[in-house]
Q: 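One structure, pasted below without further comment.
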Amino acid sequence: MTKSEQSYQQIWQTVRLIPQGCVASYGQIADLAGLPGRARLVGKALGKLPDNQQPIPWYRVLRSNGQIAFDKHSEQAKTQTGLLQQENVVVLNNRVKLKQFQWQPDLSELLFKLSF
DNA sequence: GGTGTGACAACAA
DNA sequence: TTTGTTGCCACAC
């Protein structure tokens, strides 16, 4: 297992922990995954989703300002907003009010589940 | 090993 | 709020 593979695994696993009805930013995920400052790596990791078993709620990952990472007209963005709204997350004009929906992880629980 | 790239972040207008 | 610039760092060629 190379370090890069491990990084991706950590990212995916962290994303899986985002509770329903919440969202997180790329930077936040990178941080929690033990990769501070590597938000772009998170983007790459999500672009290479292993789409094997474990459903990964990639749509709960937004930019730091709450904006969806895709172009507003893209199908991806529409799919994402749809999925979010299914979880009672309000998406307006391609963005989410982070103040209301941003995930506030419980660190102790996080450490327990991730145990890096 | 150099170069370009990326589902980004932070900051400035 | 939106757009542009810069910094960032691992990865793929």
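Sequence lines set the chain letters: A, B, ... in the order given, protein chains first and strands last, and positions in each chain run from 1. We use all heavy atoms of the structure for the numbers below, so side chains are in, but hydrogens, waters and symmetry mates are not.
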Q: Take atom CD of Gln80(A) and atom C1' of dA7(B), then tell me their distance rounded to the nearest Å.
A: 8 Å
Q: Specify the separation, in whole Å, of atom NZ of Lys48(A) and atom P of dT5(B).
A: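 One finds 15 Å between P of dT5(B) and NZ of Lys48(A), rounded.
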Q: Quick one: Ile11(A) CD1 to dA7(B) C1', roughly how many Å, whole number?
A: 12 Å
Q: Would you call Tyr59(A) and Thr81(A) a side-chain contact if the rule is heavy atoms closer than 4.5 Å?
A: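 A side-chain contact is absent here, since even the closest heavy-atom pair is not under 4.5 Å.
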Q: Side chains of Ile29(A) and Leu46(A): closer than 4.5 Å at any heavy-atom pair?
A: no
Q: Can you find a pair of side-chain heavy atoms, one from Arg95(A) and one from Arg63(A), that are under 4.5 Å apart?
A: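 No, every pair of side-chain atoms sits at 4.5 Å or beyond.
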Q: Considering only side-chain heavy atoms of Asn93(A), which listed nucleotide, dT2(C), dC8(B), dA12(C), is closest?
A: dT2(C)
Q: Is there a donor N/O on one and an acceptor N/O on the other, under 3.5 Å, for the side chain of Tyr26(A) and the base of dA7(B)?
A: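 Flag set: donor-acceptor pair detected.
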Q: Over how many whole Å does the gap from Asn94(A) atom CG to dT3(C) atom P extend?
A: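 It is 12 Å, rounded to the nearest whole Å.
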Q: Tell me the partner of dA7(B), counting only Watson-Crick (N1-N3 plus N6-O4 or O6-N4) or G-U wobble (N1-O2 and O6-N3) with both under 3.5 Å; none if nothing fits.
A: none
Q: Could you tell me the separation between the CD atom of Glu75(A) and the P atom of dA7(B), rounded to a whole number of Å?
A: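 Whole-Å distance recorded here is 18 Å.
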Q: By nearest atom, which of the nucleotides dT2(C), dA7(B), dA10(C) is closest to the Leu41(A) side chain?
A: dA10(C)
Q: Ile68(A) has an atom CD1; how far is it from atom P of dC8(B), in whole Å?
A: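 It is 12 Å, rounded to the nearest whole Å.
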Q: The side chain of Ala69(A) is closest to which nucleotide in this list: dA7(B), dC9(C), dT2(C)?
A: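 Side chain of Ala69(A) sits closest to dA7(B).
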Q: Within the 4.5 Å heavy-atom criterion, are Gln80(A) and Trp58(A) side-chain neighbours or not?
A: yes
Q: Starting from the C-alpha separation in whole Å, work towards a yes-or-no answer on side-chain contact (heavy atoms from CB on, under 4.5 Å) for Gln13(A) and Leu114(A).
A: CA-CA 8 Å; Gln13(A) 190 175 350; Leu114(A) 295 175; 3.7 Å; yes
Q: Go through dG6(B), dA9(B), dT2(C) for me and flag the one nearest to the Lys44(A) side chain.
A: dG6(B)
Q: How long is the line joining CG of Leu35(A) and P of dC8(C), in whole Å?
A: 17 Å
Q: According to a strict under-4.0 Å criterion, is Arg38(A) in side-chain N/O contact with OP1 or OP2 of dC9(C)?
A: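 So the side chain of Arg38(A) is outside the cut-off, no N or O lying under 4.0 Å from OP1 or OP2 of dC9(C).
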Q: So which nucleotide from dA7(B), dA10(B), dC8(C) ends up closest to the side chain of Arg40(A)?
A: dC8(C)
Q: Heavy atoms only, 4.0 Å cut-off, all strands: where does Gly37(A) land among base, sugar-phosphate and nothing?
A: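 The residue Gly37(A) makes no contact with any strand.
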Q: Output the rounded distance in Å from CG (Leu46(A)) to C1' (dA10(C)).
A: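 Roughly 15 Å, once rounded to whole Å.
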